[in-house]
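Here is the structure we will look at, set down as C-alpha cells.
What you see below is based on every heavy atom in this structure, not just the backbone, and it leaves out hydrogens, waters and symmetry mates. Whatever order the structure lists them in is the order used to number ligands and atoms, beginning at 1.
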Amino acid sequence: MATSGNLLLMTDSYKVTHHFQYPPNTTNVFSYFESRGGKFEYTVFFGLQYFLKRYLEGQVVTEEKIEKAKVFFEKHFGRKDIFNEKGWKYIVEKHGGKLPIRIRAVPEGYCIPFKNVLFTVENTDPECYWITNYLETLLVQVWYPMTVATNSREQKAIIAKYLHETAENMDSLPFMLHDFGFRGSTSVESAGIGDASHLVNFKGTDTLAGIEVADRFYGCDMAGFSIPAAEHSTITAWGKDGETEAFKNMLTKFPTGAVSVVSDSYDVFNACENVWGGVLHDLVAKREGRLVIRPDSGDPPEIVLKVLGILGNKFGTNTNGKGFKQLPPNLRIIQGDGIDILMLDKILGRMKDEGWSAENIVFGSGGGLLQKLNRDTQKCAFKCSWASVGGKDVNVYKDPITDPGKKSKKGKLTLELKEGVYTTVQEGKGDSSKDILQTVFENGKILKDFTFDEVRKNAKLPLES
Ligand SMILES: O=C1OCCC/C1=C\Nc1ccccc1
C-alpha cells in the first residue's frame, strides 16, 4: 500500500493544467517509456516496482488529498479554476481512490537494447484520459534505478572479463564492487534506490538503505553484505606514531574473518613495507581470515601496482592456473578512491599487463556508482503514442525537424523477440501473444511481483551462466 505524500502534488505544475488541453472528447491516452540510448547500448530494466509499490498501489486518492491539493494549486497558480477537482473526485467516487491505469512493462532485470519500449501507461476509464501523462513525472524517475543498474552491470562485465582471463574461477565476482556511495547520494531515498540497483548485480555494500529497499519492495531478506573496516579516524586517533598499534588493534579486535584497514593516513608504502610486511608480518601471514589493505589516495593504477608489488615481495605470491600472480588467499587490497567504470578498466588492465590476477583486488565506488549519471545518460523519455479522440484512433507522435533523434514511436506498442532481437512493434501491429511486456499494474493493483532473486537472475551476465 502506497504510504507517502500526496500523489496529486507529485507532478510538474504544467501537468495540472493539461486536462484542459487535449482535444474535446478525448477518452484514451496511451504513452510509453524508452531509453533512446547513450552511454550504454542497452538498459537493465529495474526499479518500476519500487515506484508502483511506494507511490501508486492501492487507494492513493482521498478527499483530504484533493482538498489539500485544491488549496495548494489556488495559491500556486493564483487562480481558482485550474485544478481538476472534478476529475480527482471522480476517481475517489468511481474507483475508490485507486488509479484507473494499466501499466505493461518489461520483466525487471531484463537487458533491453535502447530505442525499445520498456513500459506503457494507459487509462482504463475513458473519463480519466488526463491521468496517463499526469503520472509521467513520477514514473520517469525510473531512469535512476535503471541507469545505476546498467552502469553497475557494465562494471561487472569488465571485472568478469578480467577474472575470466586472469583467475581460475569467477567465485569472487559478486563481491568485487562494493557500494561506498551513501554519503555522496542526494538523499536517503535515492541512496536506497541506487544501492538496490547496484545489488541487482553485486552483493557487497555499505549503503544500508539499499538493503531495506530490496527487502521492502523486492522481498529480499538481506541483499547485501559487508565486513568490519577502519576509517581514517579509527587509525589517526592513535596518533602518527600509533599507526602500528592501530593496525594491530584491528587484527586483535577482529581475530577471524575478513577485516579491511585503510592504510594511507601517512605513508601507504611504509605501512605495507614496514608495518603489514614488517612488524605485523607474522600476525598477518598466519591470520585466520582475510586482511584487506585499503589505499585511499594517489593515482589509482600506480598506487595499486606499487602496493601489490610490496605485498608480493613481503608475503610471497604464487602463480595460478592462468599464469597470473596471486597474493596469499588471506591477503587482498581494496581500492575505493577514484573508481568509476573507466578507472576500473584501467587498473585491471595494468594489473593484467604486470602479471597480477584480478582476484587480488576488490573495488569500492561511491559517486561513480550512484551519482555520475543523469536522465540523459541513457536518454530516458516518456511520450504519448496513441489516443482515442471522439471514438477515433489517433497514432500520436512527434518528429521535430530540429532533432530527428527525438522522433517518437506511433500507436499502441508491444515488444517482441524477432530472430532473437528485441523489436518494438508499433501501430498496434504486434502479436499480443508474443508481447514481452506484461501487465504489472491495473486499477490500483500490482499484478506481477518480482522477487529480487528473479531480477538478479534476469540480469546475469552471459559469462555467469
Ligand atoms: O574498506 C572497506 O572494506 C569492505 C567493507 C567496506 C569498506 C569501507 N567502507 C566505506 C564506506 C563508505 C566510504 C568509505 C569506505
Seminar exercise, completed: protein heavy-atom neighbour closest to atom 5 (C) of ligand 1 works out as S226 OG, 3.3 Å
For this session: May I ask you to identify the nearest protein heavy atom to atom 14 (C) of ligand 1, giving residue, atom name and distance to one decimal place in Å?
Result: F180 CD2, 3.6 Å
Problem set entry | Closest protein heavy atom (residue, atom, distance) for atom 12 (C) of ligand 1 | R183 NH2, 3.4 Å
Exercise. Quick one: nearest non-hydrogen protein atom to atom 9 (N) of ligand 1, plus distance?
Worked result: D206 OD2, 2.9 Å
For this session: Indicate the ring-plane relationship of W276 and F247, choosing parallel, tilted or perpendicular according to the 30° and 60° boundaries.
Result: parallel
Exercise. Y134 vs W88 aromatic rings, parallel, tilted or perpendicular, using cut-offs 30° and 60°?
Worked result: perpendicular
Exercise. Which one holds for V292 and ligand 1: side chain close, backbone close, both close, or neither close, with close meaning a heavy atom under 4.0 Å?
Worked result: neither
Problem set entry | Residue, atom name and distance, where the atom is the protein heavy atom closest to atom 2 (C) of ligand 1 | S260 OG, 3.4 Å
Exercise. In Å, rounded to the nearest 0.5 Å, how long is the span from CG of L327 to CZ of R290?
Worked result: 10.0 Å
Exercise. Starting from atom 4 (C) of ligand 1, which protein heavy atom do you reach first, and at what distance in Å?
Worked result: I227 CG1, 3.7 Å
Exercise. Are the side chain of K98 and the backbone of E57 linked by a donor-acceptor contact shorter than 3.5 Å?
Worked result: no
Problem set entry | Aromatic plane relationship, F73 with H76 - under 30° parallel, 30 to 60° tilted, over 60° perpendicular | perpendicular
Exercise. Salt-bridged, E136 to K15, with N to O below 4.0 Å?
Worked result: yes
